[in-house]
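What follows is a short report on a single structure.
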Amino acid sequence: QVQLVESGGGLVQPGGSLRLSCAASGSIFSIDGMGWYRQAPGKQRELVAAITSGGIPNYADSVKGRFTISRDNAKNRVFLEMNSLKPEDTAVYYCNAAIRTLIDVVPVSYWGQGTQVTVSS
């Protein structure tokens, strides 16, 4: 069984910062790509940032220059540093990871439960 657990969400004023963390646990053999998605009320879930197993990041245009994704492969964690936050960044943020257990031939996509980020004065 594999679990992804996010933490670090909350309420922050415009221009502020937050750091999200996601920890993967369970019978993990390997983790390929990891990423963060978000879903605002009435909108579809969208990719915010992703990072390969080798540490190569990719960002949505809307967050480039403000958000930084990183990972700790030894601890099976992925992070999202969010700076210069805007009200339009308000959403539930979800962690995603492509994980292989000992019985998987190909990676399986797992999701966390989500953490609320609210940017408001």
Side-chain angles (χ1 to χ4, degrees):
Q1 193 76 358
V2 172
Q3 259 192 323
L4 296 181
V5 178
E6 301 107 332
S7 61
L11 173 64
V12 63
Q13 292 187 343
S17 298
L18 281 176
R19 187 175 190 247
L20 304 183
S21 178
C22 173
S25 63
S27 303
I28 297 170
F29 175 71
S30 65
I31 303 179
D32 291 355
M34 305 183 82
W36 290 93
Y37 289 72
R38 67 186 180 188
Q39 188 166 19
K43 294 188 176 182
Q44 289 190 331
R45 190 174 297 190
E46 63 175 0
L47 175 68
V48 177
I51 187 167
T52 67
S53 58
I56 299 174
N58 181 45
Y59 298 97
D61 288 342
S62 59
V63 306
K64 280 181 181 176
R66 300 188 298 122
F67 290 11
T68 301
I69 189 170
S70 61
R71 63 189 286 172
D72 183 338
N73 290 334
K75 296 183 178 180
N76 294 335
R77 290 178 180 264
V78 63
F79 309 95
L80 186 67
E81 187 76 33
M82 304 185 293
N83 298 313
S84 303
L85 281 161
K86 305 175 181 179
E88 50 263 43
D89 293 318
T90 296
V92 177
Y93 283 69
Y94 297 91
C95 174
N96 174 260
I99 296 174
R100 277 197 294 170
T101 66
L102 288 174
I103 63 172
D104 293 318
V105 176
V106 295
V108 175
S109 181
Y110 289 89
W111 293 89
Q113 81 286 355
T115 184
Q116 177 70 46
V117 171
T118 302
V119 184
S120 175
S121 55

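Because the structure is a prediction, the values reported are computed rather than measured. When reading the values below, keep in mind they use all heavy atoms of this one structure, side chains included, and skip hydrogens, waters and symmetry mates.
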Legend entry - Identified side-chain hydrogen bond (donor to acceptor under 3.5 Å, both in side chains) partner of Y93 from the options Q39, R38, Q116: R38
Inset, instruction - Check whether Y94 and L18 end up in the same hydrophobic cluster, where Ile, Leu, Val, Met, Phe, Trp and Tyr are linked by side-chain heavy atoms less than 4.5 Å apart. - result: no
Inset, instruction - Return the minimal non-hydrogen interatomic distance between S84 and S17, and the atom names on each side. - result: N-OG, 4.4 Å
Legend entry - E88 atom CD, neighbour heavy-atom count above 12 within 6.0 Å: yes
Inset, instruction - Search all heavy atoms of P57 against all heavy atoms of I69 and return the closest pair with its distance. - result: CB-CG2, 3.7 Å
Inset, instruction - Rounded to the nearest 0.5 Å, what's the gap from CG on L47 to CH2 on W36? Could you check? - result: 12.5 Å
Legend entry - N76 versus S25, side-chain donor and acceptor atoms under 3.5 Å: no
Legend entry - Non-hydrogen side-chain atoms of V78 and I31 separated by less than 4.5 Å: no
Legend entry - salt bridge (charged side-chain N to carboxylate O under 4.0 Å, His left out) partner of E81, the single match among R66, R71, R19: R19
Inset, instruction - Examine M82 and Y37 and state if one hydrophobic cluster contains both, with Ile, Leu, Val, Met, Phe, Trp and Tyr joined whenever side-chain heavy atoms are less than 4.5 Å apart. - result: no
Legend entry - From S70 atom OG to I51 atom CD1, the distance as rounded to the nearest 0.5 Å: 6.5 Å
Legend entry - Between OH on residue Y110 and CD on residue Q1, distance to nearest 0.5 Å: 7.0 Å
Inset, instruction - Show your reasoning for whether side-chain contact (heavy atoms from CB on, under 4.5 Å) applies to N96 and S109. - result: CA-CA 7 Å; N96 174 260; S109 181; 2.8 Å; yes
Inset, instruction - Over all heavy atoms of both residues, which pair between G114 and V92 is shortest? Give the atoms and the distance, please. - result: CA-CG1, 3.8 Å
Inset, instruction - Any chance you could measure Q113, atom CD, to C22, atom SG, to the nearest 0.5 Å? - result: 8.0 Å
Inset, instruction - Kindly indicate whether the side chain of F79, heavy atoms from C-beta on, has any atom under 4.5 Å from the side chain of T68. - result: no
Inset, instruction - May I ask you to decide whether D89 forms a salt bridge with K86, counting only side-chain N to carboxylate O separations under 4.0 Å? - result: no
Inset, instruction - Quickly, which of D104, T101, V108 forms a side-chain contact (heavy atoms from CB on, under 4.5 Å) with V2? Name it, please. - result: T101
Legend entry - Side-chain donor-acceptor pair present, S53, D32, cut-off under 3.5 Å: no
Inset, instruction - Determine the minimum heavy-atom distance between Y59 and A49, stating which atoms define it. - result: CD2-CB, 3.6 Å
Inset, instruction - Could you tell me which non-hydrogen atom of I99 sits nearest to which non-hydrogen atom of L4, and how far apart they are? - result: CD1-CD2, 4.1 Å
Legend entry - CD on E6 to CG on L80, rounded to 0.5 Å: 11.0 Å
Legend entry - Closest non-hydrogen atom pair, P14 against S121: CD-N, 3.7 Å
